[in-house]
Amino acid sequence: MLAPRPGWIDGAGSRSTNPMIWPMKLRHLLGLFLAATLLMSAVIVWLAIELRDALNKAAAAEARQIQSILLADDLRQSSNDLTRLARLFVQSGDERFADYFHQVLAIRNGELPIPDDYGSIFWDRVIVGDASPDAGGNGEAISFRDRMARLGFTEEEFALLAEAQRLSDELTVIEERAFNAVRGLYDDGTGTYSTPGPADLELAQDLLYGEPYLRAKAAIMAPIARFQQRVSDRTEAALAAARSEADQELLSIFIATGVLLILLIGLTFFVHRRVLVRARDLADAATDIAAGDLTKRSGVRGRDELGVLGKIFDDMVSRLANSLALVTAAKDRMQSELDVGHEIQMSMVPLIFPAFPERPEFNVYAVLKPAREVGGDFYDFFFIDDERFCICIGDVSGKGVPSALFMAVAKTLIKSRSVDDFSTASILTHVNDELSANNNESMFVTLFVAIVDTKTGDTVFTSAGHNPPFVRRKDGTLLRLDQRHGPIVGIVPDVVYGEDRVRLNVADIMFLYTDGVTEAIDGDQTIFTEERLADLLETAGLDSAEALVDATVKAVEVFEGDVEQTDDVTILAFQFNGDPEGAAPVVRRLAIGNDPAEIAKVVDAFDRFADENDIPTALARKFDIVFDELLSNIIAYAYGDDEDHEIEVKIEKSGRRITVIISDDGKPFNPVAADTPDIGKPLEDREIGGLGIHLARNLVDDMAYQRRIGRNVTTLTGHIG
């Protein structure tokens with residue numbers, strides 16, 4: 001046994017200062033136990049065989065005892081039978097009894113075989129006629145002495161038998177004399193009965209019933225009695241010895257069985273203590289670890305297999321805990337990246353609705369519901385000019401920040417290109433060429449882009465591998481825009497995309513979506529499908545873009561049930577309302593040179609326009625001031641040469657909205673982004689400039705700027721009432 005090591009852990013997993021460390025492997029110890037068990041089992045089998053032999057010996061001894069006693073009794077019985085038959089003969093003179101007498105002698109001496117059923121009453125049955133002395137006798141003829149020799153009678157017993165035989169011979173002389181007296185034959189003096197004479201039954205009876213005969217008979221029975229006692233004592237001793245041997249073998253079996261039982265109990269205790277308990281500790285530790293407790297250790301130690309396994313297990317858990325810490329840190333970093341991607345994704349899409357409350361000719365509403373991992377879905381909508389409104393939706397491959405950045409680039413390219421390009425085919429052709437260049441990650445995006453004329457509802461659109469949108473007519477019928485104008489964007493350069501047109505009527509809704517809607521999955525792994533979406537749009541009975549989008553989102557959520565959302569759900573709906581007052585827009589266009597004197601022409605033209613179209617005087621005065629400030633700023637600062645330049649002005653009244661578009665070819669300048677002067681400072685501390693533009697921004701309801709094909713385009717919007 002090894003010396004105790006403080007702080008080691010025993011097989012039960014508890015701290016111990018003196019643990020039992022087995023120097024042998026479990027397989028060796030179990031092998032020793034198995035060998036010992038097999039050896040003891042073999043000993044028990046051998047003892048069982050010995051016990052069987054001992055029991056057989058005891059049975060044989062008991063059988064010999066019974067046979068010996070019966071044989072001794074037969075000897076005594078034969079002596080009695082001879083006496084009885086002799087007396088019957090001398091009493092009756094019937095030669096049958098003399099024959100029976102001699103048959104008994106012949107059987108006893110082995111001259112005749114033993115009759116069947118030969119026993120104490122055999123001759124009684126013969127006398128009364130129930131049996132024949134000649135019946136049976138199929139066995140061998142064997143004398144009493146030989147029968148006794150076969151049963152192992154001793155010399156002492158044979159000596160007693162010889163004495164009885166000698167005395168019997170004396171008795172036989174008397175019996176022979178009596179028999180001859182009955183026959184009338186007498187001793188001729190030589191011991192031979194050859195002298196005839198009259199039969200003398202009285203003499204014969206006196207001989208067999210007289211005192212000499214009785215003394216001789218008693219003398220014979222004494223050694224026979226001693227003979228029987230010797231036989232009984234000997235066979236009883238032999239039987240007792242055989243039984244004692246059997247008892248010893250049985251005791252040995254009990255002892256061997258007890259030893260085997262102790263071995264089995266020891267093996268059971270060993271297996272429980274050194275195997276099962278320690279295996280339980282390993283299993284308990286594994287269960288706790290599987291439940292997430294990586295601080296758990298099995299504490300199983302030792303030189304055997306379980307000890308090695310316990311140490312490896314605990315070391316593995318320690319490494320696993322370290323690895324999990326690294327994984328958790330990486331996961332946190334990844335989650336941070338996903339959060340950043342989510343922020344990028346959500347910051348790049350318009351989220352304020354209603355988006356253009358001052359434009360009653362249309363309504364736009366959109367939802368982007370990200371999945372657990374940030375994807376690349378996006379939507380966008382914006383005015384290209386006062387009449388053209390662009391809507392787009394896309395789905396970028398991949399997840400996380402790369403996808404969000406790719407989406408941001410695609411969205412930016414679409415918006416920047418549409419400033420001076422009103423063809424959706426041309427826009428996507430340009431975007432594809434830009435995204436395909438140096439796209440080492442092979443990312444791509446599906447896109448649908450449409451430009452709607454908010455005055456007429458005329459719409460031009462291009463689909464680049466995106467899910468086909470629907471146009472839901474006022475009467476509820478659906479038009480599926482399933483035209484394919486080119487492949488997904490960002491993979492194949494130099495692709496020329498196509499475009500198609502569709503006219504939106506009043507109350508029509510264009511419904512755009514990503515595959516997160518149609519490929520949503522329920523608990524039975526069934527997808528939502530485009531057919532289910534079409535049925536929803538046809539039967540929803542909803543007459544607004546917002547209601548239709550919300551109903552679709554709700555339907556997808558109900559369909560998924562408890563199943564986690566696997567992809568972004570993005571929907572954009574554009575509803576065309578047309579001019580709510582039904583009046584055609586009124587437009588006035590004029591052009592002036594870059595001369596401050598030309599500003600008065602614009603003011604006069606706008607005042608006449610206001611008078612002709614019932615524009616309130618107060619609103620007209622505001623626009624006059626704005627014209628003076630903006631046009632003066634353009635003429636003074638937009639040109640760095642002495643050349644003549646043309647400034648275009650477009651004035652439009654549509655319903656209760658007044659729109660003015662000023663376009664010049666001067667240096668790029670965005671009045672919307674100009675710094676606001678601090679009017680709270682003293683006059684001498686303010687920077688020169690900026691106050692006029694600030695005033696102009698505050699006099700109109702909205703001011704927008706675009707740089708389009710080398711020109712500054714500033715749009716001013718005001719509302720009547």
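Note that this is a predicted model, so its numbers are computed, not measured.
- Between Lys311 and Asp315 there is a salt bridge, since at least one side-chain N of the basic residue sits less than 4.0 Å from a carboxylate O of the acidic one.
- Listed by chain and number, the residues in a side chain to side chain donor-acceptor pair (under 3.5 Å) with Asp284 amount to none (sequence neighbours excluded).
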Side chain to side chain contact (heavy atoms under 4.5 Å, CB included) evaluation trace for Thr552 with Leu533: CA-CA 8 Å; Thr552 304; Leu533 174 61; 3.8 Å; yes

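- Other residues, nucleotides and ligands place no more than 12 heavy atoms under 6.0 Å from the CD1 atom of Ile121.
- Residues satisfying the salt bridge (Lys or Arg N to Asp or Glu O under 4.0 Å) test with Asp99, not counting sequence neighbours, are none.
- Here the CD atom belonging to Gln565 is positioned 7.5 Å from the CG atom belonging to Asp567, to the nearest 0.5 angstrom.
- Nearest heavy-atom pair, Asp200 versus Leu203, reported as atom, atom and distance to 0.1 Å: OD1-N, 3.1 Å.
- Minimum interatomic distance between Pro113 and Ile107 (heavy atoms only, all atoms of both residues): O-CG1, 4.0 Å.
- Scanning all heavy atoms of the two residues, the minimum distance from Ile127 to Leu85 falls at CD1-CD2, 4.1 Å.
- Between the Asp522 side chain and the Thr526 main chain, a donor and an acceptor come within less than 3.5 Å of each other.
- Taking each heavy atom of Ala178 and Val90 in turn, the nearest pair found is CB-CG1, 3.9 Å.
- Side chains of Thr83 and Glu175 form a contact here, defined as non-hydrogen atoms less than 4.5 Å apart.
- By the side-chain contact (heavy atoms from CB on, under 4.5 Å) test, Asp314 pairs with Arg297, Ser298, Arg301, sequence neighbours left out.
- Put simply, CG on Asp206 and CD on Glu211 are 12.5 Å apart, with the number rounded to the nearest 0.5 Å.
- Atoms CZ and CG, from Phe313 and Asp281 in turn, are 10.5 Å apart once rounded to the nearest 0.5 Å.
- To the nearest 0.5 angstrom, Ile521 atom CD1 is 8.5 Å from Phe559 atom CZ.
- In terms of heavy-atom proximity, Asp568 sits nearest to Pro370 at OD1-CA, 3.3 Å.
- Side-chain polar atoms of Thr514 and Asp395 form no donor-acceptor pair below 3.5 angstrom.
- Separation of atoms CZ (Phe89) and NE2 (His102) is listed at 8.5 Å; rounding is to 0.5 Å.
- Residues passing the side chain to side chain donor-acceptor pair (under 3.5 Å) test with Arg177, sequence neighbours excluded: none.
- No side-chain heavy atom of Glu202 sits less than 4.5 Å from a side-chain heavy atom of Gln205.
- Here Gln91 pairs with Tyr209 under the side chain to side chain donor-acceptor pair (under 3.5 Å) rule; sequence neighbours left out.
- Looking at every heavy atom in both residues, Tyr213 comes nearest to Leu207 through CB-O, 3.0 Å.
- Residues Val569 and Phe528 form no side-chain contact, since every pair of their non-hydrogen atoms from C-beta on lies 4.5 Å or further apart.
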Can you give me every donor-acceptor pair (side chain of residues 179-189, partner residue at least two apart or in another chain, under 3.5 Å) with its distance?
unit_1, atom_1, unit_2, atom_2, d
Asn180, ND2, Glu176, O, 3.1
Asn180, ND2, Glu176, OE2, 3.4
Arg183, NE, Glu95, OE2, 3.2
Arg183, NH2, Glu95, OE1, 3.3
Tyr186, OH, Pro198, O, 2.4
Asp187, OD1, Gly189, N, 2.9
Asp187, OD1, Thr190, N, 3.4
Asp187, OD1, Gly191, N, 2.8
Asp187, OD1, Thr192, N, 3.3
Asp188, OD1, Thr190, N, 2.9
Asp188, OD1, Thr190, OG1, 2.5
Asp188, OD1, Thr192, N, 3.4
Asp188, OD2, Thr190, OG1, 3.3
Asp188, OD2, Ser194, OG, 2.9

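- Here the CZ-OH distance, from Arg84 to Tyr100, works out to 11.5 Å after rounding to the nearest 0.5 Å.
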